[in-house]
Structures are given as structure tokens and as C-alpha cells.
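Here is the structure we will look at, set down as C-alpha cells.
Since the model is a prediction, treat every value here as computed from it, not as a measurement. Naming convention: chains lettered A, B, ... in sequence-line order (proteins, then strands); numbering from 1 in each chain.
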Amino acid sequence: MNEPLVISRPAEAEPAVAAPAAREQGRRRRRGVQAMSRPSRWQIYLPLGLYLVFTLVPFYWMVVFAVRPTGSDSLLPWPITLEHFDTVWNGMGFGLFFQNSLMVGLFSLVTTSVIALAGGYALARFRFRGKQVFMVALLCTQFIPGAMMLIPLFEIFRDLGLVNTIWSLVIAETVFQLPLSLILISGFVKNIPVELEEAAWVDGCSRPRAFFAVLLPLLRPALVAVGSFAFIHSWNNFLFALMFINEQNKFTIPVGLSYTLGEFSVDFGALAAGGVVAAVPVVLVFAVIQRYLVTGLSAGAVKG
Amino acid sequence: MAIAVARRERRGRRRTVSRSRTPYLLIAPSVLLMVGFLVYPIASVFYYSLRNYNLTRPWGNGFAGLENFRRLLFEDPLFWQSLGFTAQWVVVEIVLQLVLGLALALLVNETFVGRAVARALVFSPWAVSGVLTTSIWMLLYNPTTGVFRYLADAGIGEHGTSVLADTGTVFPAVVLAELWRGVPFFAILLLADLQSIPRDLYEAASVDGASRLRRFFHITLPHLRDAIVLSTLLRAVWEFNNVDLLYTLTAGGPANHTTTLPLYVASKAINAKDFGYGSALTTVAFVILLFCSILYLRLSKFGGDRA
């Protein structure tokens, strides 16, 4: 539930900066030395091809079943029909679930980003009593199992009257995303030289103004990461939604999806089409951070 | 604010130190949320574990002492069974994900045509949810829609194979589905770390005549050590707690063969509404998780000087 995706970020920030020079140097030297044995093309393409089959066949299977007409046995996505999408979107309520999930995802994105930005800035730029304890506590939260918070969180939300509202999900998602988001943002802020802000102060900027004018633009990559992780997480979350929401018009996509499942389910077209609906937003968000991730990781190869 | 700035000015270089209330105000929302919705709930789990607390039988509620724990340890075979399966699940998943993830990271770290596209594609299942993974693999495993049916049509294997209903095949089947989604996590993390290894090290080793295998064991692996320790630990905790996939793919079946401890907790909470007993299970799981994590960190630090 509290998937530690974020960890990859800080680690990746350094090599992007450190690698280029070393790599370029290496490339120049290699031409002279010619001693390093490199894997042949087949040693790369063959295992990679096999792994790609493993990765892509499942996606392909889902898409084929989503678009092929009922009764067809073909494994090629032709002819295409949209009947299954009509069934899930209008008949099974996925249109509504989509809206609910989108609301939860966007609200979690905003609350997580804003709260983590404030806290992360404080952790990076101030020394204050209790900071060490707080940092250790952040790490400890990684051992808290989401499934095990179901009971007490349900109690709290019931007492607050938030059961069967999207706010229970927004709060739960934000709380579970906060620790890693705080660590990530404070790490990013620490890597930005404080002199930049100091220069702004000297020029007469107040601290808040320097923050918004100088620091915030530089933090954009961190905010993209934190925001998209928060969105992906709440879009994907199943257990909280299952526990806190039991009115059908408030269901989120994963809960709706779970109702299409069943080993001997009759409507495989609906199952697959529901899956495609669930996948599209996440795949879009992933495509955005993926590009950013790949450029960040391979910056060395391009810039030199 | 003005006073704080003035004070900073006076102290010259140490101007990032502030005695003002600013940092506390900035951190307050995080602290309040975490106390209210993480710390307090954990405390109440410990408290509930000492009580009879069942939503469906409110008349029996009250203080129970250690009764829940006694039942759990001595009268509940499903607890021990789920504990055993949890260990099996976590170990098998983590070992396979690490090995495949490392191999994948090494592969896409090489320079070749189409590398950016290959990376995007092989990493893509990382963003997919547990329920969606279930949807996809249910189609693949189903006897009428799955791969095995088409293989049987082609003369390989036989019709009507239902891997999820057979106690002999269900474990490899769920392991494979989770691998599909889990390997990219390790690959992304280890790839980031691979890029930080200075090229010179490899070149120096090649000049000295070290084979590719030796370079891997003497340069790559030691360099990745910390990343491996950290990622396996985080992922192990995550796989331990991972409920979505198993809950939807097998619901712990057939015959509770794939019930992990958190899945058992979730079904106690969601289906049986037995909060007291569920909380006792939670407490035990929490203690086990903490103990194993500390042990793992100790052991991995213990071997630290080898590198």
C-alpha cells in the first residue's frame, strides 16, 4: 500500500550530475585502450526480447479482450468493438468511479505536495528542536503496514463522519504519502545552495518571497515526482477504498474493478475493458515521469 | 518574521539557524496529520488487541486481557499457516525480484539502439495497481480465455487447466503475477545506482585482465551493496504488507493456501468485523516485522567490511 517508489528519486539525482564527466572521460579513453570486453549485440537483445515478451504479453492480452467482439476467438485486435467500454462505463458505473478516483487522486496530489513542501523546506533550511526525532519517526513509518491500519482508521473516520466520503481516502492517502514525500523534498532543497536564497534576501526579498521566486521553480522536478507518486498511489489504492466506502456511487476504480473479477466470471470483455479504463490515467502519468526519469538517468550519455 | 531576519543578520553566516516559530509552523500540518492518523491509530490497535471487540456481536465487547493472543497462538491453526506462507511469499518474491531486477538493470545500462524505449517498456508494470494486475493475470490464467487454452489448441498441455484453483500450481502462478509488477522496482532503483559507478574502475580492472564476471563480483556488486540492502528491506516490508493482489486474485484460496498474515487481518476486519482479534493479529505481525527488519539490518551491516 505504502509502496516505497519514491526512494529511487534522491539516488538518481546524484548520478545525473556526477556521471557525465566520468562517462565522457571513459569513452575517450576507451578508444585508446580497447581492452574492455563488451557484451555482443545478441547478448543484450536476446534476454531483453524475452523479458519484453513477459512484460508486454499481459498488457496485450488485456487490450485484445477489451476490444474484440463477444464470441470472437481471435488473438488479433481486429475487428474492433467499443461495446465492452460502453458496458463498463455506462452500465457498471465506471464513468462515476472514474470521476471519484480522479477527485481522490487530484486532492491527494495537492494536499501531499503542499504539506510536504512546507515541511520539507523546514527540515532542510532550519535547525530546530525535535528535528532529529522527527526524521527518525519518518523512517519508522515505513514499517507500518497499511492493511493493519484499516481497523483504527475506520473507527476514526466513522467518528468524524467521513465514512462514505472521498475525504476519508484523501486523508489516508496523504498521511501514507507524506513521510517519503517529506524526505524527498527536504533532500532536494538541501541540494540547492542556500546562497541562492541569501542573495535574494540581500536584495531585499522576504523569506517567503525568496522561497516562491527563487526556490520553488528549482523544486519543480521534486514536485512532479511527489505529485505524480501521490496521484498514482491514490489511483491504485484498493483496501482503504474497500473498507471506508460502501455506497456504490462513491466507489473508486479499483473497487469497481474488483467487482468485475471472478475466476469464472462471464463477461471477460467487461473485465478487460475495466482494466484498460483503470490503466489509462496511470500509464499517462507514468509516461510523463518516465521520460523525466530516463532523461535524468541518462543525462550523462547525451550531455557528456 | 522581521525580528527573526534581524537576528539572523546579526549572526552572519549562521543565518539558517532560527529560533523563530517559522519551522514549527511549517512542519505543523505534517506532524498533526501523522499524529492523528498514524500514531494514534497504532496506539489504538495495541489497545483493541486487549479487548473483545466485534461489530457484529456488540454485547460481548469488553476487556479481554491476553485472551486474543492466547487464542491466536494456541487455537488458531490458520495463524500459523498464514505466517508460514507469508515467510515463503516474501522470501521467494524478494529473491526472484532482486535477481531479475539486477539482471534487467545491467541489461538496460548497456548502450544499444532503442535503449530509451526498452527502458520505458520494461519499467511500465511498476505503475500498475494490484487489482489491475489481478484483472490482467486472471484473463491470462483463466481456462477459457487464458494462454493455456491457446497453448492447448496448439497441442501443448491440455484443456481446462485452471492454475489458480489447483493447490499445486497456485503458488507459482501468484508469484509470477507479482514478479511481473515487482521486478521494475528493483530495476529502476539499481539502475540509478549502477550509473554512479565510475567507468574508470572497470577500465582499470580490464587493463589488469579481469574478466567481465570478475568485474561484476569485485566492482559492481560491492558498489551496489547498500542499494541492495535498502531496496530488499523496503520491498520485503512492502511485499509482507501487500494485500491487494492476493485478496483479489485468490482471496487467500484455494483452501487458504495463499493467505498471508496481513490478508488474514484484512479479511477479519472487512468480512468478519472482528476488530479485537484482528488487532491482536496486527500487533503480532507488527512485532514480527520490526524484529525481522532490525535483524536484517544488523546482519547486513555485520558483513559490511567485506566490501
Choice from [options] maximising heavy atom contacts with chain A below 4.5 Å:
options                              : answer
B:Gly146, B:Gly130, B:Ala285         : B:Gly146
B:Leu139, B:Leu289, B:Ile42, B:Val39 : B:Leu139
B:Asp153, B:Leu33, B:Thr145          : B:Thr145
B:Ala118, B:Ser30, B:Ala205          : B:Ser30
B:Phe286, B:Tyr48, B:Tyr150          : B:Tyr150
B:Val265, B:Thr283, B:Leu140         : B:Leu140

Taking all non-hydrogen atoms of both residues into account, name the closest pair between [X] and [Y] and its distance.
X        : Y        : answer
B:Thr248 : A:Ser258 : CG2-CB, 4.2 Å
B:Gly36  : A:Ile156 : O-CD1, 3.7 Å
B:Ser135 : A:Leu271 : O-CD2, 3.5 Å
A:Gln43  : B:Leu107 : O-CD2, 4.0 Å
A:Ala279 : B:Leu132 : CB-CD2, 3.6 Å

Name the region of [X], side chain, backbone, both or neither, that has any atom closer than 4.5 Å to a heavy atom of chain A.
X        : value
B:Thr144 : side chain
B:Val122 : both
B:Val108 : side chain
B:Tyr47  : neither
B:Ser44  : side chain
B:Leu106 : neither
B:Leu104 : side chain

Using a 4.5 Å cut-off on heavy atoms from C-beta on, say whether the side chain of [Y] contacts that of [X].
X        : Y        : result
A:Leu138 : B:Met34  : yes
B:Leu38  : A:Phe176 : yes
A:Val282 : B:Val128 : no
B:Val183 : A:Phe54  : no
A:Phe286 : B:Ser124 : yes
B:Tyr24  : A:Arg129 : yes
A:Pro58  : B:Trp137 : yes
A:Phe126 : B:Ile27  : no

Could you tell me whether A:Phe157 and B:Phe37 have their ring centroids closer than 6.0 angstrom?
yes

Below 6.0 angstrom between ring centroids: does that apply to B:Trp180 and A:Phe59?
yes

Going through the checks in order, is the side chain to side chain contact (heavy atoms under 4.5 Å, CB included) test met by A:Thr55 and B:Leu121?
CA-CA 8 Å; A:Thr55 303; B:Leu121 290 177; 5.7 Å; no

Within a 6.0 Å radius of atom CZ on A:Phe134, are there more than 12 heavy atoms belonging to other residues, nucleotides or ligands?
yes

Counting only heavy atoms not in A:Arg41 (residues, nucleotides, ligands), do more than 12 fall under 6.0 Å from its CZ?
no

Please round to the nearest 0.5 Å and tell me the distance separating atom [atom1] of [X] and atom [atom2] of [Y].
X        : Y        : atom1 : atom2 : value
A:Ile232 : B:Ser129 : CD1   : OG    : 11.0 Å
B:Thr133 : A:Met62  : OG1   : CE    : 9.5 Å
B:Thr111 : A:Ile44  : OG1   : CD1   : 7.5 Å
B:Ile136 : A:Phe65  : CD1   : CZ    : 12.5 Å
B:Leu245 : A:Phe238 : CG    : CZ    : 11.0 Å
B:Lys268 : A:Leu150 : NZ    : CG    : 15.0 Å

Of the backbone (N, CA, C, O) and the side chain (C-beta and beyond), which part of [X] lies under 4.5 Å from a heavy atom of chain B, both, or neither?
X        : result
A:Leu160 : side chain
A:Leu182 : side chain
A:Thr111 : neither
A:Leu75  : side chain

Dump the intermediate steps for side chain to side chain contact (heavy atoms under 4.5 Å, CB included) on B:Tyr53 and A:Glu155, then the final yes or no.
CA-CA 12 Å; B:Tyr53 185 18; A:Glu155 297 273 288; 2.7 Å; yes

When you look at A:Leu48 and B:Phe112, which way does the side chain to side chain contact (heavy atoms under 4.5 Å, CB included) test go after all the steps?
CA-CA 11 Å; A:Leu48 194 66; B:Phe112 57 89; 3.6 Å; yes

Would B:Val45 and A:Met149 count as a side chain to side chain contact (heavy atoms under 4.5 Å, CB included) if you check the C-alpha gap in whole Å, the side-chain angles of each, and the deciding distance to 0.1 Å?
CA-CA 8 Å; B:Val45 164; A:Met149 303 289 282; 5.6 Å; no

Verify, without hydrogens or angle tests, whether A:Asn236 (side chain) and B:Ala127 (backbone) share a donor-acceptor contact under 3.5 angstrom.
yes

